Amino acid sequence: MRALCWEGINDLRVQEVPDPTMVNPHDVVVKVGLTTTCGSDLHFIDGYIPTMREGDVIGHEFMGEVVDVGREVKKVQRGDRVVVPSFICCGSCWYCKHDQWSLCDTTNPNAQLQEPVLGYPTAGIYGYTHAFGGYAGSHANFIRVPHADVDCFKVPEGLTDEQALFLSDAAPTGYMGADFCNIQRGDTIAVWGAGGVGQMALQGARALGAERVIAIDRFPERLKLARDKAQAETINYETEDVVETLKELTGGRGPDACIDAVGMEAHGPGLEYAYDRVKQALHLHTDRADALRQAILAVRKGGTLSILGVYGLMDKFPLGVIMNKGLTVRTAQQHGQKYMARLFEHVQRGEMDPSCLATHQFSLEDSPRAYEMFKKKEDGLIRAVFKPN
Ligand SMILES: [Zn+2]
Ligand SMILES: [Zn+2]
């Protein structure tokens, strides 16, 4: 089959690779319908997160059709149209049983690469380095899905393929960020970053009952999308003082919760410590660190900070401010399996529309060029979508 492979730092190529095969009886093989770029891919494409190997198939957000079914699979059948969360989960360990899906204890066969840094390993992810399990990714004609009964979700009638696609990662990540805010009637939620995850956080906060949502970004087309799709108020951080403007907009009190979705969807929690990339990482994360500091300052006293990024290397993290203001900090990698049923309902009721993220379509053969555009955020691109078959 054809697949997009990592062949070295900043070297992506579409090439011939072997078809996936069943490894255990709980597997299925999915013919990829749609698959999309993710900001977190950029972290290993440029070598910031190590443990990629030449020839690795990348991509971790996808939907498609089940074409081969293992003999122990009970809930999924050939021909089913399914969406699959990015984290691979067993459904039976302590973490899965406690709805902490991205922390699944059993699906990362390379746990020893994470333990020196994290203490305990995360779940495996499709197409996302050997430290995260070394699983083949979704930018391909076909993909193997382990634990199919747990990880394949049949897409209800009425949802388009594009709407379903983003329920793989962008939508559950943003929605979880909003869920962390414990939104009460009358709340105002501010979201830093209006890319894929930020848009989903804005729409998710609305769906969960926020009275006002405020989007902070520097790209006019992203701010427009936030206004159009989430009825957001918007702040361009290049032309406005973010903290002062938020104060004004909230009668001097500040937003009830602040969600950080800048430079987002990063699935690499602090692995860089182990590889002495401190200087490089600090450089790369300047924007994001600024956003988090702004959020900590801007949020009202006793409010919530919902962090969806990677902060392993942030310097001058203002813990004292968090303590003195009595803030609650919530953060995690997305627990997609927990949120899927709710997300289907929000989309069916028209309360969220993830398909608005699909600003650009490319063929799989053209996917290296798509990643170049995605990296540079050219032409208002939020997410590049590939249709491999
Ligand atoms: Zn992603
Ligand atoms: Zn598990």
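Both ligands and their constituent atoms are indexed starting at 1 by order of listing. Predicted model only: the values in this text are computed from it and were never measured.
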Query - the Zn ion (ligand 2) to nearest N/O/S of Cys89 below 2.8 Å - result: no
**Report entry** Rounded to 10 degrees, the angle SG of Cys96 makes with SG of Cys93 at the Zn ion (ligand 2)
**Finding:** 110°
Check all N, O or S atoms of [X] and name the one closest to the Zn ion (ligand 1).
{"X": "Asp169", "result": "OD2"}
{"X": "His60", "result": "NE2"}
{"X": "Glu61", "result": "OE2"}

Query raised in the report: How long is the span from the OG atom in Ser168 to the OH atom in Tyr126, to the nearest 0.5 Å?
Result: 8.5 Å
Query raised in the report: Does Thr331 reach the main-chain N or O of Ile307 with its side chain, forming a donor-acceptor pair under 3.5 Å?
Result: yes
Query - Passing candidate, side-chain hydrogen bond (donor to acceptor under 3.5 Å, both in side chains) with Tyr175, options His346, Lys338, Gln334 - result: His346
**Report entry** Residue pair His360 / Asp379, side-chain donor-acceptor N/O under 3.5 Å
**Finding:**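 A pair is found: one side chain offers a donor N or O, the other an acceptor, under 3.5 Å apart.
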Report task. Cation-pi check, Arg222 to Phe219: give yes when NZ or CZ is under 6.0 Å from the six-membered ring centre and within 45° of the ring axis, no otherwise. Result -> yes
